[in-house]
Amino acid sequence: MYKTAIKTPNFFRSFSSLPNLTSYITSLQLCAHNTNLRQGKKLHSYMLINGFLTSPLTITSLINMYSKCNAISDAVLVFNTSSSTCEHNVFAYNAIIAGFIFNHLPKPVLRVYEKMRLAGVMMDKFTFPCVIKAFSGCQDVVGLKNVHGLVFKFGLDHDLFVGSAVVHGYLKFELMVDAHQVFDEMPDRDVVLWNAMINGYAQIGEFDNALDCLKKLRVDGIVPSRFTVTGILSVLTLKGDLYNGKAIHGFVTKMGYLSGVAVCNALIDMYGKCKCSLDALDIFEGMVVKDIYSWNSIIGVHQQSGDHEETLKLFDQMLRDKVFCPDIVTVTTVLPACSHLAALRHGKEIHAYMITKGLGKEDEDRDNDTYINNAIMDMYGKCGCMHEARLVFEHMSSKDSASWNIMIMGYAMHGFGNEALSLFHKMGEVNLTPDEVTLVGVLSACNHAGLVKEGQEFLSEMKSKYKISPTVEHYTCVIDMLGRAGLLDQAYKLLSEMPIEANSVVWRAFLAACRLHGDANLAEIAARKVIDLEPEHCGSYVLMSNVYGTLGRYEEVSDVRLNMRQQSVKKTPGCSWIEFGDRVHVFGTGDRTHPDEDLIYSELNSLYMSMGLCHMT
DNA sequence: GTAGGGTTAG
């Protein structure tokens, strides 16, 4: 008789009798665990046909199954439609609330919570952790404090799960005093509760307090978990504490925590930031399971070590492998590498990728949006594409002062002094206050466009008009500008009279100007200063020997060279590079290793010829 | 039948 009522599905074969309530619930739990939505839906339909949807037990299991299978709308449907056939108990409410939290939807939790209270269903220790999380997720600190009050009323303030959630909630708002009070009043503390405190201290930058928690936790006889070590590693990374980072690496190995992806990711980051790229690579290579963090972190390691070519290579590999999609973190890590190498093709590729993936556009986090577009503008600017940079700038929905500074500096770098200054004036029109960086851009614009009078005016007005005290960088721009314009005496006067201490950079700029205009006396003064301030830097010796060379004082040239050897200063060979096709071609001084060497040098020679011809006519 | 921590960029 039963055989006609239901066709036994595959997953019931293991049961000796026909499915009952328990077997349905067990099967639904399995589907939830394996995120097997298809199977779960099948079960749902059998339950519907066979009249199993009137029990609060099956409703709860169904809601849970749909939530865990990321089908929250189905979970909601079950919850809403079942209200007519069976009254929702605390289990059903808890399941749908937990479902929303699992699917990162804090807002609807607050509505269901309200409904629950109106229906007179009593909250329990399962309800509170999720509701607390919802209030902090909705940035509702008042709501959080109210729920905390209710926790006391329900006598759940000593429950570890509830207590951890409250501590976590307060720490999210950086309310350390409130969090600490709850923490202190807990009769027992487990590793999760301690982790919350460690991460709370880490978040507000109190690193030593975070590390102190680790000591106390161990005194309490608690074993640090994988979660503890990732938190601690991030603290050690920020402190640049390689010694203790290595100790944690040892502990992690001993505990078998290296099988945890997040633990390894934190180790990669720690080694990378502590300038141990090889150790970071070792960890990365040894990982069986990797996630987007691992990729991003290893790209970050190369970016931070200044290996821009490898950074781009890894990005290409990521695109080719198609295992992980580059996200906003990947893109912000890779873009500066493009800027450094002036790798326009890569930069454009990333820009196109961002557009197709919608990265940096209508992002939930507006700061992200601004930041990423700033990085794109910077890339275009450094690659000499001011037109493209301007287009991005004009289309940005929110600009911060960095956005304006990047544009001004871009124009300045490429000699578009007037464009830089006009943007600077526009900045004033939209009531944005220029900062130190803006003024460096403005002065640099005057420098590169030869706007000597304007540059001098800006410098003298900085304090009175813009309330910015000129730094050595600002003076460097103006001294460089005066020097290039041949106004060596004025430059020297400013250099000697400026109220802040001159560094080697500003003296070197002055030295370069002396060389350009062949003033050996001032050059000697400048060179002594530079060598004094930075004896290991080769640039000043080279400039000085060039000055003597230009003036035909060859004995002194060899003196400088000898001095250089005595100080064991080596000239770092200069190099340039250009992106062509799918690779970046690097050329060192006197470098003849390029496969197309003959072609390149013959083209170079014909350029020299044309230059010579132009000069003659 | 239901619950709590972590890591990557500026």
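Each chain gets a letter, A, B and so on, in the order the sequences are listed, and its residues count up from 1.
Across all strands, A/A95 comes closer than 4.0 Å to no nucleic acid atom at all (heavy-atom distances). Across all strands shown, A/N89 has heavy atoms under 4.0 Å from base atoms, whether or not it also approaches the sugar-phosphate. Among the heavy atoms of the strands, none lies under 4.0 Å from A/I299. Using a 4.0 Å heavy-atom cutoff across all strands shown, A/D190 reaches at least one base atom of the nucleic acid. Heavy atoms of A/Q303 sit nowhere under 4.0 angstrom from any nucleic acid atom. Here A/K273 lies in heavy-atom contact (under 4.0 Å) with sugar-phosphate atoms only. Across all strands shown, A/P56 has heavy atoms under 4.0 Å from base atoms, whether or not it also approaches the sugar-phosphate. Using a 4.0 Å heavy-atom distance criterion, A/I25 is classed as a sugar-phosphate-only contact. In this structure, A/V263 reaches the bases: a heavy-atom distance under 4.0 Å links it to at least one base atom across the strands shown.
Here A/F227 does not pack flat against the base of B/dG6, since the 5.5 angstrom centre distance and 30 degree tilt limits are not both met. Under the stacking criterion of a centre-to-centre distance below 5.5 angstrom and an interplanar angle below 30°, A/F126 is not stacked against the six-membered ring of B/dA3.
In this structure, A/K125 forms no cation-pi arrangement with A/F161, as its terminal cationic atom is not both closer than 6.0 Å to the ring centre and no more than 45° off the ring axis.
Closest to the side chain of A/C130, out of B/dG5, B/dA9, B/dA3, is B/dA3. Side-chain proximity of A/D291 to the nucleotides B/dG10, B/dT2, B/dT7 is greatest for B/dT7. Of all nucleotides listed (B/dT2, B/dT8, B/dA9), B/dA9 comes nearest to the side chain of A/N368. Relative to the side chain of A/P129, the nucleotides B/dG1, B/dA3, B/dT7 differ in distance, and B/dA3 lies closest. Taking only side-chain atoms of A/K133, from C-beta outward, the nucleotide of B/dG4, B/dA3, B/dA9 with the closest atom is B/dG4. Between B/dG5, B/dG4, B/dT8, one nucleotide has an atom nearer to the side chain of A/L160 than all others, and that is B/dG4.
At B/dA3, one or more side-chain N or O atoms of A/K68 fall inside 4.0 Å of OP1 or OP2 (strictly under the cut-off). Between A/H168 and B/dG6 there is a side-chain polar atom (N or O) within less than 4.0 angstrom of OP1 or OP2.
The shortest side-chain heavy-atom distance between A/S305 and A/K275 does not fall under the 4.5 Å cut-off. Counting only heavy atoms from C-beta outward, the side chains of A/F126 and A/I97 never approach each other to under 4.5 Å.
Within 3.5 Å, no donor on the side chain of A/T333 pairs with an acceptor on the base of B/dA9, nor the reverse. Residue A/S61 places no side-chain atom within donor-acceptor reach of the base of B/dG1, judged by atom type and a 3.5 Å distance cut-off alone.
If you check the side chains of A/N64 and A/S61, you find no donor sitting under 3.5 Å from an acceptor. Using modelled atom types, one finds no donor on one side chain facing an acceptor on the other under 3.5 Å when comparing A/H180 with A/Y170.
In this structure, A/Y257 and A/F251 have perpendicular ring planes: the angle between them is above 60°, well past the 30° mark.
Distance A/M65 CE to B/dT2 P: 13 Å, rounded to the nearest Å. One atom, CG of A/N195, and another, P of B/dT7, lie 11 Å apart when rounded to the nearest Å.
Glycosidic conformation of B/dG5 is syn; the angle stays within 90° of 0.
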